[in-house]
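Along the sequence shown, residues carry numbers from 1.
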Amino acid sequence: MTYFAFLSAVLALLLAPGPTNTLMGIAGARGGLGASARLLPAELAGYLTTILPLTWLGAELLARFPSASVSLKVVAAAWVMFLAVRLWRMPGDAQNGSGVTAGRVYLTTVLNPKALIFGLVLLPAPADSQFLPRLGAFCIMVMVVAMLWGGFGRLTQAGDGGNRRLLLVQRAASIWLAVVSVTLITGVLRA
């Protein structure tokens with residue numbers, strides 16, 4: 001895969017709505033860009049926690065233990081549904097703090113299905129000379145995209161009616177997370 005194709009694929013996948021991006025957007029809406037920036041280490045650590053072992057051992061382990069992949073998807077679906085319910089119940093008052101913790105961002109990112117694609121498909125093997133440069137580019141793109149989602153969330157608070165819009169955004173995000181969770185479970189059941 002060329003470097004440009006790698007960058008394009010990673011960027012497209014990172015920009016796509018998902019559980020981690022939803023949390024970063026809500027953090028931005030509720031606490032501003034500073035809240036999103038404080039969560040960057042948790043998101044990056046979450047991705048690296050999943051991606052690095054997958055690049056070294058993942059394909060072989062998943063081939064040897066196919067039930068591990070199914071189990072991971074079920075746990076991810078349950079966590080995303082838990083987040084959807086919590087987000088639905090969260091008050092639509094931006095003054096109550098972000099409500100998004102580093103621990104939630106970390107665990108959500110560890111369980112994010114996108115991490116499987118990064119670790120098993122897009123990043124080269126660690127022995128490849130392009131592994132470290134591509135891993136570095138990936139880390140930079142994670143931070144940039146997280147801040148974009150945080151900025152998008154912050155824009156929901158512009159002007160009058162920010163708290164009402166925040167509640168609508170939270171509800172829409174909650175519904176989206178529920179759809180992601182159901183999609184993961186449906187995929188497991190069809191397999």
Side-chain angles (χ1 to χ4, degrees), residues 7-52 76-77 79-119 122-123 134-181 184:
L7 292 176
S8 299
V10 168
L11 189 59
L13 199 52
L14 283 173
L15 284 169
T20 302
N21 289 340
T22 301
L23 291 179
M24 295 304 280
I26 294 300
R30 296 180 69 84
L33 286 177
S36 296
R38 285 187 291 279
L39 296 171
L40 288 176
E43 181 176 350
L44 197 53
Y47 272 126
L48 294 177
T49 297
T50 300
I51 289 171
L52 292 178
W79 176 253
V80 171
M81 187 58 77
F82 168 78
L83 290 174
V85 170
R86 293 275 306 207
L87 195 53
W88 186 270
R89 293 179 178 169
M90 194 178 287
D93 179 8
Q95 304 307 318
N96 282 337
S98 80
V100 178
T101 66
R104 282 192 186 127
V105 169
Y106 173 79
L107 185 57
T108 299
T109 307
V110 165
L111 296 172
N112 193 329
K114 292 178 187 181
L116 296 173
I117 297 168
F118 295 132
L122 295 177
L123 281 168
R134 290 185 184 203
L135 182 63
F138 169 79
C139 291
I140 291 168
M141 286 190 286
V142 164
M143 292 184 290
V144 168
V145 169
M147 292 308 294
L148 287 172
W149 275 92
F152 169 73
R154 187 66 196 150
L155 286 176
T156 65
Q157 294 301 296
D160 292 336
N163 286 340
R164 195 175 94 249
R165 277 194 307 274
L166 175 60
L167 185 59
L168 289 174
V169 167
Q170 285 176 188
R171 295 287 166 87
S174 175
I175 292 168
W176 174 250
L177 289 176
V179 167
V180 169
S181 176
L184 284 170

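Side-chain atoms of Trp79 and Thr108 form a donor-acceptor pair, as typed in the model, at a separation below 3.5 Å. Looking only at atom types and distance, the side chain of Thr20 has no donor-acceptor partner in the side chain of Tyr47 under 3.5 Å away.
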- Message: Go through it in stages, so that I can follow the logic: the residues are Thr101 and Leu39, the test is side-chain contact (heavy atoms from CB on, under 4.5 Å), and I'd like the CA-CA distance, side-chain angles, deciding distance and then a yes or no.
- Response: CA-CA 8 Å; Thr101 66; Leu39 296 171; 5.9 Å; no
- Task: Step by step, work out the side-chain contact (heavy atoms from CB on, under 4.5 Å) result for Leu33 and Met147.
- Result: CA-CA 7 Å; Leu33 286 177; Met147 292 308 294; 3.9 Å; yes
- Message: Applying side-chain contact (heavy atoms from CB on, under 4.5 Å) to Arg104 and Arg86, what does each step give before you reach the verdict?
- Response: CA-CA 11 Å; Arg104 282 192 186 127; Arg86 293 275 306 207; 2.3 Å; yes
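Looking only at side-chain heavy atoms (C-beta outward), Val100 and Arg30 stay at 4.5 Å or farther from each other. Counting heavy atoms from C-beta on, the side chains of Thr22 and Pro17 never come closer than 4.5 Å. Side-chain contact between Leu52 and Leu135 is present, with at least one heavy-atom pair separated by less than 4.5 Å. Side-chain atoms of Cys139 and Leu48, non-hydrogen and from C-beta on, do get closer than 4.5 Å to each other. Between Leu40 and Met24, some side-chain heavy-atom pair lies under the 4.5 Å cut-off.
The nearest pair of heavy atoms linking Arg154 to Gly32 is CD-CA, 3.4 Å. When all heavy atoms of Ala84 and Ala178 are compared, the closest pair comes out as CB-N, 3.7 Å. The minimum heavy-atom distance between Ile51 and Ala115, with the atom names listed, is CG1-O, 3.7 Å. For the pair Ala77 and Ser181, the tightest heavy-atom approach, listed with the atom from each and the gap, is O-OG, 2.6 Å. Taking all atoms of both residues into account, the shortest heavy-atom contact from Ala27 to Ala35 is O-CB, 3.6 Å. Nearest heavy atoms, Ser174 versus Trp88: OG-CB, 3.3 Å.
Note that OG of Ser36 is 9.5 Å distant from CD of Glu43, once rounded to the nearest 0.5 Å. Summarising the geometry, atom OH belonging to Tyr106 is positioned 15.0 Å from atom CG belonging to Leu23; distances are rounded to the nearest 0.5 Å. The distance from the CG atom of Leu122 to the CZ atom of Arg134 is 9.5 Å, given to the nearest 0.5 Å. To the nearest 0.5 Å, the span separating CG on Leu148 from CE on Met141 amounts to 12.5 Å.
Judged purely by atom type and a 3.5 angstrom limit, Thr109 has no side-chain atom pairing as donor or acceptor with the backbone of Gly46. Side-chain atoms of Lys114 come within 3.5 Å of backbone N or O of Ala16 as a donor-acceptor pair. Distance alone, capped at 3.5 Å, is enough to place a donor-acceptor pair between the Thr50 side chain and the Val110 backbone.
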